Visitor: 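Here it is, the structure in full.
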Amino acid sequence: MSAPLLKIDGISKRFGGNQAVKETSFHVDSGEILGLIGPNGAGKTTAFNMIAGYLESDTGDIQLNEKSIKGKKPWDICKAGIARTFQLSKPFGDLSVLENIMVGGFVRSADRRIIETKAREVVVFLGMEAIIDQDALNLTAFDRRKLELGRALATEPKLLLMDEVVAGATPNEASEMVELVKNIRDRGVSILIVEHVMHVIMNLSDRVIVLDSGNLIADGNPEEVVNDPEVMKAYFGEKYVQQQST
Ligand SMILES: Nc1ncnc2c1ncn2[C@@H]1O[C@H](COP(=O)(O)OP(=O)(O)OP(=O)(O)O)[C@@H](O)[C@H]1O
Ligand SMILES: [Mg+2]
């Protein structure tokens, strides 16, 4: 069996007295869409921040293609092939859609023409041609999310980390995002996706893992995981699980 694309081995993060992530291990296979779920405060974004180099893990190791990336800075991790979207999107408001996406391209090239050509391809892929020259400041919340995704794609990642990309989206927008994510995977990008909207996770994920209070409590196919009593307990509490089983 070939090694996983991303291997997380016993990572942890403590903030003062709060152990946000506890010796957690999981992996993402090449070509896989892995869903990461868990209640608010479970440690999902903290795990993302450790993988992407915004926080250094207190323990363990993180390997991309069998090479450790632990302790590396976000720029170097991005160069190594991991891109991420932020739970709160923050585009450069005074740059246009095209320019915002071009920002990602500088990870791969210093040639502005090459970067612009590639950024234009990303704009078409995202269906944002009509607003390509608009300032990011004037975009709808959903277009800002797409823009952020575009900036990540422009870095030509092997692995894309997506944090709550359909939060606040309409049903139509959520469906559009699901299709986009599938198309991104079909282009050979592996995806680790955090999402609270359950039908999006169920529709997209090949496999789902669950964090609860910093512990990994489940890992399996989506149906298995959502029906797991441990997972229901984490979301709804012990009482709910007892009622369901009587
Ligand atoms: N920079 C920080 N400093 C201190 N505590 C933090 C920091 N970031 C996160 N935490 C704490 O760590 C825990 C995990 O937070 P995290 O944001 O990773 O959860 P999450 O699973 O992403 O939640 P949500 O679904 O609400 O986005 C929480 O208790 C949070 O308050
Ligand atoms: Mg979060």
Side-chain angles (χ1 to χ4, degrees), residues 6 8-28 33-62 69-75 77-78 82-91 141-142 144-149 151-152 157 159-169 173-174 177-178 181 191-205 207-220 222 225-226 228 230-237 240:
L6 182 77
I8 307 286
D9 192 6
I11 60 168
S12 309
K13 193 73 214 174
R14 173 185 286 275
F15 299 110
N18 180 0
Q19 188 71 49
V21 176
K22 301 170 187 161
E23 305 249 335
T24 294
S25 301
F26 61 91
H27 70 275
V28 184
I33 300 180
L34 179 65
L36 169 55
I37 63 171
N40 292 118
K44 304 179 298 293
T45 298
T46 303
F48 265 34
N49 283 334
M50 289 191 278
I51 297 168
Y54 290 81
L55 287 172
E56 185 170 351
S57 174
D58 299 332
T59 58
D61 197 18
I62 302 173
I69 53 165
K70 185 171 174 278
K72 288 195 191 299
K73 297 293 164 219
W75 171 266
I77 291 176
C78 193
I82 300 180
R84 58 98 50 100
T85 67
F86 289 87
Q87 186 167 357
L88 296 168
S89 62
K90 33 189 173 180
F142 186 66
R144 280 189 193 203
R145 292 224 162 265
K146 281 175 43 176
L147 183 60
E148 180 146 4
L149 181 57
R151 188 188 39 71
L159 175 68
L160 180 61
L161 311 177
M162 305 180 81
D163 200 353
E164 297 202 33
V165 277
V166 302
E173 289 169 344
M177 186 56 83
V178 165
V181 174
I191 294 164
L192 174 59
I193 183 167
V194 166
E195 189 52 71
H196 281 292
V197 180
M198 238 18 214
H199 72 86
V200 169
I201 281 289
M202 297 301 284
N203 191 331
L204 279 175
S205 309
R207 187 163 60 93
V208 173
I209 57 176
V210 186
L211 266 182
D212 179 36
S213 305
N215 295 302
L216 198 83
I217 59 164
D219 179 342
V225 163
V226 294
D228 183 331
E230 272 297 303
V231 175
M232 286 197 221
K233 196 167 92 189
Y235 273 92
F236 305 114
Y240 175 86

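Start at 1 and go down the list; that is how both ligands and their atoms are numbered. These numbers were taken from a predicted model, which means no experiment stands behind them.
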Visitor: If only atom types and distance count, is the side chain of Tyr54 paired as donor or acceptor with the main-chain N or O of Pro74 below 3.5 Å?
Guide: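 Between the backbone of Pro74 and the side chain of Tyr54 there is no qualifying donor-acceptor contact (under 3.5 Å).
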Visitor: Contact between Asp9 and Ile62 at the side-chain level, heavy atoms closer than 4.5 Å - yes or no?
Guide: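 Counting from C-beta outward, Asp9 and Ile62 never come under 4.5 Å.
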Visitor: Regarding Thr85 and Asp163, do their side chains bring together a donor and an acceptor under 3.5 Å, going by distance alone?
Guide: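 The criterion, which ignores hydrogens and geometry beyond distance, is not satisfied for Asp163 and Thr85.
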Visitor: Is there a donor-acceptor pair under 3.5 Å between the side chain of Lys44 and the backbone N or O of Pro39?
Guide: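 Yes: the side chain of Lys44 pairs with the backbone of Pro39.
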Visitor: Quick one: nearest non-hydrogen protein atom to atom 27 (O) of ligand 1, plus distance?
Guide: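 Minimum-distance protein heavy atom for atom 27 (O) of ligand 1 reads Gln87 NE2, 2.9 Å.
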Visitor: Among protein heavy atoms, which sits nearest to atom 11 (C) of ligand 1, and what does the distance come to when rounded to 0.1 Å?
Guide: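 Looking only at protein heavy atoms, the one closest to atom 11 (C) of ligand 1 is Asn18 ND2, 3.6 Å.
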Visitor: For atom 18 (O) of ligand 1, what's the nearest protein heavy atom and its distance?
Guide: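 Going atom by atom, the protein heavy atom closest to atom 18 (O) of ligand 1 ends up being Thr46 OG1, 2.6 Å.
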Visitor: Which protein atoms of type N, O or S are found under 2.8 Å from the Mg ion (ligand 2)?
Guide: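 Only Thr45 OG1, Gln87 OE1 fall inside 2.8 Å of the Mg ion (ligand 2).
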Visitor: Answer yes or no: does an N/O atom from Ala20 fall short of 3.5 Å to an N/O atom of ligand 1?
Guide: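 N/O-N/O distance under 3.5 Å: no.
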Visitor: In Å, rounded to the nearest 0.5 Å, how long is the span from OH of Tyr235 to CD of Glu230?
Guide: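 Spacing of OH (Tyr235) from CD (Glu230) equals 13.5 Å.
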Visitor: Is any side-chain heavy atom of Leu192 closer than 4.5 Å to a side-chain heavy atom of Leu160?
Guide: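 Not touching, per the 4.5 Å side-chain cut-off.
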Visitor: Identify, for atom 26 (O) of ligand 1, the protein heavy atom at the shortest distance, and state residue, atom and that distance.
Guide: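 Scanning the protein heavy atoms, the shortest distance from atom 26 (O) of ligand 1 goes to Asn40 ND2, 2.8 Å.
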Visitor: Between Gly10 and Thr59, which heavy-atom pair has the shortest distance, and what is it?
Guide: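 Scanning both residues, the minimum pair turns out to be O-OG1, 2.7 Å.
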Visitor: Can you tell me the protein heavy atom closest to atom 17 (O) of ligand 1 and the distance?
Guide: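 Going by distance alone, atom 17 (O) of ligand 1 is nearest to Thr45 CB, 3.8 Å.
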Visitor: Using heavy atoms and a 4.0 Å limit, tell me yes or no: is Gly43 in contact with ligand 1?
Guide: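 True for this residue.
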Visitor: Show which atoms of ligand 1 fall inside a sub-4.0 Å distance from at least one heavy-atom site of His196.
Guide: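 Selected atoms, number and element: 25 (O).
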Visitor: Below 4.0 Å from ligand 1: does a non-hydrogen atom of Lys13 turn up there or not?
Guide: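 It does not; every heavy atom stays at 4.0 Å or beyond.
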Visitor: Applying the side chain to side chain donor-acceptor pair (under 3.5 Å) criterion to Asp58, which one of Lys13, Arg14, Lys22 satisfies it?
Guide: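 Among Lys13, Arg14, Lys22, the one meeting side chain to side chain donor-acceptor pair (under 3.5 Å) with Asp58 is Lys13.
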Visitor: Does a side-chain N-to-carboxylate-O contact under 4.0 Å join Asp61 and Lys70?
Guide: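 No salt bridge links Asp61 with Lys70.
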Visitor: Do the charged groups of Arg151 and Glu148 touch, with an N to O distance under 4.0 Å?
Guide: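 Looking at Glu148 together with Arg151, the answer is yes, because their closest N to O distance falls below 4.0 Å.
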Visitor: So, is Gly41 polar-close to ligand 1, with some N/O to N/O distance under 3.5 Å?
Guide: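 Checking ligand 1 against Gly41, an N or O pair does fall under 3.5 Å apart.
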Visitor: Go through the steps to decide whether His27 and Arg207 satisfy the test side-chain contact (heavy atoms from CB on, under 4.5 Å), and finish with yes or no.
Guide: CA-CA 11 Å; His27 70 275; Arg207 187 163 60 93; 3.4 Å; yes
Visitor: Mark yes or no for whether Glu56, through its side chain, and Met50, through its backbone, hold a donor-acceptor pair below 3.5 Å.
Guide: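 The answer is no, because no donor-acceptor pair under 3.5 Å joins these two groups.
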Visitor: Within ligand 1, which atoms have a heavy atom of Glu164 less than 4.0 Å away?
Guide: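 Atoms satisfying the 4.0 Å criterion: 25 (O), 27 (O).
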Visitor: Counting non-hydrogen protein atoms only, what is the nearest one to atom 1 (N) of ligand 1? Give residue, atom name and distance.
Guide: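 Looking only at protein heavy atoms, the one closest to atom 1 (N) of ligand 1 is Phe15 CE2, 3.7 Å.
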